[in-house]
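Atoms within a ligand are numbered from 1 in the order they appear, just like the ligands themselves.
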Amino acid sequence: MALARMTRPLVVVTNREPYVDERTKTGIRTVQRAGGVVSALDPLLRELGGDWVAWGSGSADRLTAPNGIRPVPLKNPKYRLHRVYLTPEEVQGYYNRYANQGLWPLSHLLIERARFSRQAWSTYRAVNQKFARRVAREMPNNALVFSHDYQLAVFPSALRQLRSDMAIAHFWHIPWPVYPVLKLCPQYQELLRGMLGADVLGFQTLDDAQAFMDSVAHTFRHVAIDRSRGEIAWQGRTIEVKAFPISVDIEAIESLVRSPRISRWAQGIRRHLLAPGQRLGISVDRADYTKGIIPRLEALREFFRRYPQHLGRIVFLQVVVPTRSEVHAYRLLYRQVEEETRRINEEFSQGTWKPLITIRRSIDRPRLMGLFRAADFALVSSLFDGMNLVAKEFVSAQVDRRGVLLLSETTGAAQELSQALPINPWDPEGFAETLDQALSLTPEERAERLAAMQAHLHAHTLYDWVSDILTTLDTVAGSYVES
Ligand code: ADQ
């Protein structure tokens with residue numbers, strides 16, 4: 001691991017907490033959240049130690065953190081989770097409305113879905129300030145603060161106003177909307193000012209970083225911006241604006257899927273789901289409209305209609321975990337997925353074979369990685385996606401180098417995983433055609449493609465991502481040491 005020693009304490013700040021404690025009939029159950037941010041940061045803090053500040057959203061959260069602080073894990077703790085408690089009104093305005101019904105669709109260019117209101121904005125800003133007060137009150141001097149994402153866009157400036165000793169890196173996990181789209185958000189200037197409170201602004205791709213600098217250039221015309229160096233001069237400071245593509249811990253995934261237990265499990269899944277000569281496809285997503293789940297189902301229908309030779313020979317396992325179910329659009333999408341899946345199965349099933357199998361819940365990480373190992377192909381069909389960790393996890397878990405990845409061109413991951421077969425989720429016929437081609441690749445072609453992508457992931461790991469961000473933060477703050 002590249003990050004061996006840090007001279008300044010590390011504080012992670014996210015909306016979602018990594019572990020949620022829920023009340024059950026028999027006691028308390030701890031649930032680990034599905035989602036890219038948590039999958040990326042929890043292993044990191046377990047390794048480095050430190051503090052994580054996040055919204056305490058579980059029904060038993062106050063019980064396991066009576067003074068607002070919960071050790072993680074409870075036995076043999078590695079770091080401290082500081083829970084920020086929110087009222088139902090705060091959750092509604094900050095999270096469900098402003099972040100998830102405003103900034104999320106806008107950033108994914110799904111403009112017609114975006115809804116903004118001044119009331120939701122004022123709650124959003126107040127909650128960001130609440131997070132900042134908590135960090136300012138409880139965190140040590142000179143901490144390196146690593147804050148995250150579109151729920152906390154104005155957190156950096158709120159914290160800077162309270163504590164100028166801390167160095168702040170803010171990472172934006174989703175696409176940054178180009179200026180003409182950003183401008184549709186009535187509070188876009190405040191959002192930009194809020195982000196510019198950070199010392200380092202990280203984005204998934206160079207395109208996103210450039211789009212952010214463009215937005216600043218259009219909005220604040222007097223500001224000096226060096227686009228080639230990725231630097232913005234702002235209120236006497238220099239802010240670094242850079243691409244830091246998030247990644248996975250490929251070595252950990254490889255050793256997980258090679259373990260006897262998961263190897264047996266992966267083989268068992270194939271035996272259980274497949275008849276001889278059948279191939280296993282997989283998709284894994286939160287049930288989010290940006291992930292292109294309905295377009296993927298349409299493409300699968302197109303595929304079975306155009307290429308009936310595959311009928312009876314493919315079993316497609318879709319793992320769709322419900323998410324943000326407080327928001328109407330998400331409940332609607334979930335129902336549509338169910339409906340569409342049922343129709344496809346009705347249209348194409350033959351005897352005991354049916355083309356689609358659905359798993360509707362969170363799967364523990366070892367088994368999920370085992371599924372990726374077991375699969376012959378994976379479909380990642382996001383309409384827009386900051387990175388998409390599922391694509392990188394699939395490639396990492398394919399230690400037998402049997403599978404093929406079909407990857408939407410509009411994901412951040414597609415800019416790195418160039419040996420994946422590119423698909424356009426808006427083009428069902430082209431998508432179906434690419435799937436047919438994928439299934440006729442020779443074993444050597446498949447192995448070569450996977451080997452090249454795996455080499456890339458070995459050279460660009462999760463730890464490189466965090467090390468690059470914190471090293472950049474250090475050059476600004478001047479006191480973080482890498483060995
Ligand atoms: P997400 O939109 O959540 O993340 P993604 O990057 O694919 O998207 O990460 C999802 C994570 O959740 C993966 O690690 C996946 O394995 C896990 N997961 C999904 N379904 C699961 C299930 N049923 N059971 C268990 N685990 C499941 C956001 C951005 C992305 C960006 C990440 C990280 O939208 O573009 O890649 O943050 O920056």
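Considering T411, L389, V320 only, the shortest heavy-atom separation from atom 5 (P) of ligand 1 involves L389. Of the listed options M369, H173, K291, M387, K291 places a heavy atom closest to atom 8 (O) of ligand 1.
When every heavy atom of D208 is checked against every heavy atom of F203, the shortest pair comes out as CB-CB, 3.6 Å.
By the criterion of a heavy-atom distance under 4.0 Å, both the backbone and the side chain of V390 are placed next to ligand 1. Residue R361 touches ligand 1 through its backbone alone, judged by heavy-atom distances below 4.0 Å. Of the heavy atoms in N388, both backbone and side-chain atoms come closer than 4.0 Å to ligand 1. Residue L368 touches ligand 1 through its side chain alone, judged by heavy-atom distances below 4.0 Å. Counting heavy atoms closer than 4.0 Å to ligand 1, residue W104 contributes side-chain atoms (C-beta onward) but none from N, CA, C or O.
With sequence neighbours excluded, the residues that form a salt bridge (charged side-chain N to carboxylate O under 4.0 Å, His left out) with R301 are E340, E347. With sequence neighbours excluded, no residue forms a ring-ring contact (aromatic ring centres under 6.0 Å, His included) with Y334.
For N15 and H148, the side-chain atoms include no donor-acceptor pair closer than 3.5 Å.
The shortest N or O to N or O distance between D285 and ligand 1 is not under 3.5 Å. Inclusion of R286 in the set of residues having an N or O under 3.5 Å from an N or O of ligand 1 is warranted.
Ring to ring, Y98 and W121 are close: their centroids are under 6.0 angstrom apart. In this structure, the ring of F303 has its center no less than 6.0 angstrom from the ring center of F431.
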